[in-house]
Q: 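Mind having a look at this structure? Questions to follow.
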Amino acid sequence: MFAQLLPEPVRLAKAAPWMWETPALPAEEAHILRAVPKRQREYRAGRHCARQVLAQLGQNGFALCPGKGREPLWPAGIVGSITHSHEACYVAATHHGGVIGIGIDLERRTDTDTDIERLICTPTERAWLEAQQPEPLRRQELMRLMFSAKECIHKVYYPLNAYTLDFLDAEIDLSVTTGQFSGRILNPAAVEAYPLRQVQGQLTWDEEFLYTVIVLHR
Ligand SMILES: CC(C)(COP(=O)(O)OP(=O)(O)OC[C@H]1O[C@@H](n2cnc3c(N)ncnc32)[C@H](O)[C@@H]1OP(=O)(O)O)[C@@H](O)C(=O)NCCC(=O)NCCS
């Protein structure tokens, strides 16, 4: 489903089963030595999968280490994003140029975390959720789409500005009819290397997952 949301220059790969089981490069493994097995599996899947995408972009054998904010430190000239959820992991990347940021996010439709709505959604977003019909997505699923869209914003905003926005620092306006969303940054960082107030994204879903994407053009 991600493939249909991403423009042509962006390369995409889904992690194969062996990627979850196989240790990553030593420099990458150094960051998960004490992590629990679930975390080691998803991290390894992301690293192997990223290497597959990077090879398509002409970068072979690159060790993709995390930065201070857990952001993947892509090779110079490349931007990308990783997402994992349960047994699915995807990586999208492209050459830095027209595209200056990518955020992809995957969420399970069925996870039941009803209590997080107040932490994730602004009053305006909650009023919107309240007014929606339960078709084609239920309130809980729409809320998870907002959550996912906000994680995409984080994956684009942080690498540009080295700043972590709170979930209530951005407001999402989404449409399941058009498959589009926009995100308004309400409380940006005090100092921004790359000022960003509004981003556009795309969304879709299948029987199991919700998918959101932001590809930020220069
Ligand atoms: C970091 C976070 C986005 C990851 O959540 P998750 O449930 O593990 O979700 P995903 O699997 O989809 O994404 C994880 C991947 O995101 C990427 N990522 C994590 N932090 C990142 C950052 N600061 N910048 C860019 N990408 C980042 C990493 O590649 C990570 O996988 P890895 O650690 O194996 O490399 C989330 O947990 C978080 O901390 N969010 C708080 C900030 C936020 O989202 N604010 C909302 C702003 S409106």
Side-chain angles (χ1 to χ4, degrees), residues 2 13-15 19-20 23-25 27-33 35-51 53-54 62-74 78-93 100-108 111 113 116 119-122 124-125 143-174 181-189 192-194 196-199 201 203 209-216:
F2 276 126
K14 180 179 183 188
M19 295 179 178
W20 297 76
L25 296 179
E28 297 169 336
E29 286 283 314
H31 296 272
I32 51 160
L33 292 177
V36 297
K38 177 179 178 294
R39 172 66 186 137
Q40 291 182 333
R41 279 172 54 75
E42 66 178 27
Y43 176 87
R44 288 168 178 164
R47 263 53 203 177
H48 290 298
C49 193
R51 239 177 312 287
V53 173
L54 287 171
F62 185 82
L64 187 63
C65 291
K68 280 188 192 149
R70 208 182 129 184
E71 76 285 11
L73 300 174
W74 298 96
I78 289 179
V79 287
S81 182
I82 300 174
T83 186
H84 20 59
S85 178
H86 301 270
E87 292 300 301
C89 171
Y90 293 85
V91 177
I100 57 166
I102 298 177
I104 65 171
D105 194 74
L106 181 68
E107 296 293 327
R108 272 243 292 235
D111 285 349
D113 39 10
I116 67 168
L119 303 175
I120 301 304
C121 300
T122 66
T124 304
E125 290 170 336
M143 188 274 286
R144 292 191 68 76
L145 265 181
M146 285 182 170
F147 174 78
S148 184
K150 290 183 182 198
E151 294 218 322
C152 279
I153 291 177
H154 176 61
K155 292 175 186 182
V156 167
Y157 192 88
Y158 185 93
L160 291 171
N161 290 308
Y163 182 81
T164 300
L165 295 166
D166 185 79
F167 284 97
L168 301 180
D169 288 339
E171 202 157 71
I172 304 297
D173 186 2
L174 69 82
F181 70 86
S182 64
R184 210 154 52 87
I185 315 292
L186 305 174
N187 297 305
E192 289 173 292
Y194 190 91
L196 208 53
R197 294 294 172 276
Q198 184 97 21
V199 291
L203 62 89
F209 291 107
L210 305 164
Y211 303 77
T212 55
V213 161
I214 293 174
V215 176
L216 187 67

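Values below: all heavy atoms of this structure, side chains included; hydrogens, waters and symmetry mates excluded. Read the numbers this way: they start at 1 and go in the same order the structure lists the ligands and their atoms. Since we're looking at a predicted model, the values are computed, not measured.
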Q: Could you work out, for atom 22 (C) of ligand 1, the closest of Glu71, Met146, His86 by heavy-atom distance?
A: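 Residue with the shortest heavy-atom distance to the ligand atom: Glu71.
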Q: So, applying side chain to side chain contact (heavy atoms under 4.5 Å, CB included) with Trp20, which one of Gln40, His48, Arg41 is it?
A: Arg41
Q: What's the separation between atom CD1 in Ile100 and atom CG in Leu160, rounded to the nearest 0.5 Å?
A: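 Atom-to-atom, Ile100:CD1 and Leu160:CG are 5.5 Å apart.
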Q: For Asp166, which part has a heavy atom under 4.0 Å from ligand 1: side chain, backbone, both, or neither?
A: backbone
Q: Taking atom 8 (O) of ligand 1 as the point of reference, which of Arg70, Lys150, His84 owns the nearest heavy atom?
A: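 Checking each option, the heavy atom nearest atom 8 (O) of ligand 1 is found in Arg70.
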Q: Which of the atoms in ligand 1, numbered in the order shown and given with their element, are less than 4.0 Å from a heavy-atom of Gly69?
A: 20 (N), 21 (C), 22 (C), 23 (N)
Q: What is the distance from atom NZ of Lys150 to atom CZ of Phe181, rounded to the nearest 0.5 Å?
A: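 Output value for this atom pair is 11.0 Å.
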Q: Starting from the C-alpha separation in whole Å, work towards a yes-or-no answer on side-chain hydrogen bond (donor to acceptor under 3.5 Å, both in side chains) for Ser148 and Glu107.
A: CA-CA 7 Å; Ser148 184; Glu107 296 293 327; 4.8 Å; no
Q: For ligand 1, is there an N or O atom under 3.5 Å from any N or O atom of Arg47?
A: yes
Q: Any chance you could measure Lys155, atom NZ, to Leu216, atom CG, to the nearest 0.5 Å?
A: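 It comes to 15.5 Å.
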Q: Please identify which of these residues, Thr212, Asp105, Thr83, meets the side chain to side chain contact (heavy atoms under 4.5 Å, CB included) condition with Phe2.
A: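 Between Phe2 and the candidates, side chain to side chain contact (heavy atoms under 4.5 Å, CB included) is satisfied uniquely by Thr83.
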Q: Any carboxylate oxygen within less than 4.0 angstrom of a Lys/Arg side-chain nitrogen, looking at Glu28 and Arg44?
A: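 Here Glu28 does not pair with Arg44 in a salt bridge, since their nearest N and O are not under 4.0 Å apart.
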Q: Would you say Leu165 and ligand 1 have an N/O pair spaced under 3.5 Å apart?
A: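 Such a contact does occur with ligand 1.
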Q: Can you list the atoms of ligand 1 that are under 4.0 Å from a heavy atom of Asp105?
A: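 By the 4.0 Å cutoff, the relevant atoms are 12 (O).
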Q: Quick one: pull up CD1 in Ile104 and CD1 in Ile214 and give me the separation to the nearest 0.5 Å.
A: 11.5 Å
Q: Looking only at protein heavy atoms, identify the closest one to atom 6 (P) of ligand 1 and say how far it is in Å.
A: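 The answer is Glu151 OE1, 4.1 Å.
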Q: For atom 26 (N) of ligand 1, which candidate among Ser81, Pro72, Cys89 holds the nearest heavy atom?
A: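 It is Pro72 that holds the nearest heavy atom.
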Q: Check whether Thr122 reaches the backbone of Glu125 with its side chain - one donor and one acceptor, N or O, closer than 3.5 Å.
A: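 Yes; judged by distance alone, with no hydrogens or angles, the pair exists.
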Q: Can you tell which of Ile104, Thr83, Thr164, Ile172 gets a heavy atom nearest to atom 12 (O) of ligand 1?
A: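 Residue with the shortest heavy-atom distance to the ligand atom: Thr83.
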Q: State the atoms of ligand 1, each with its element, that fall below the 4.0 Å cut-off from a heavy-atom position in Arg39.
A: 32 (P), 33 (O), 34 (O)
Q: Within this structure, what is the CG-CG distance for the pair Leu119 and Asp166, rounded to the nearest 0.5 Å?
A: 8.5 Å
Q: For atom 39 (O) of ligand 1, state whether the nearest protein heavy atom is under 4.0 Å away.
A: no
Q: At what distance is the nearest protein heavy atom to atom 15 (C) of ligand 1, and which residue and atom is it?
A: Ile82 O, 3.4 Å
Q: Ignoring angles and geometry beyond distance, decide whether His154 reaches within less than 3.5 Å of ligand 1 through its nitrogen or oxygen atoms.
A: yes
Q: Give a yes/no on ligand 1: does Pro159 have at least one heavy atom closer than 4.0 angstrom to it?
A: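 Heavy atoms of Pro159 do come under 4.0 Å of ligand 1.
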Q: To check your reading of the model: name the closest protein heavy atom to atom 41 (C) of ligand 1, its residue, and the distance in Å.
A: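 Looking only at protein heavy atoms, the one closest to atom 41 (C) of ligand 1 is Phe167 CE1, 3.9 Å.
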Q: Which distance, rounded to the nearest 0.5 Å, do you find between the CD1 of Ile153 and the CD1 of Ile172?
A: 3.5 Å
Q: Does any N or O atom in Tyr43 lie less than 3.5 angstrom from one in ligand 1, N or O only?
A: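 Checking ligand 1 against Tyr43, no N or O pair falls under 3.5 Å apart.
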Q: Using a 4.0 Å cut-off to any heavy atom of Ala170, which atoms of ligand 1 qualify?
A: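 Once the distances to Ala170 are compared, the set is 48 (S).
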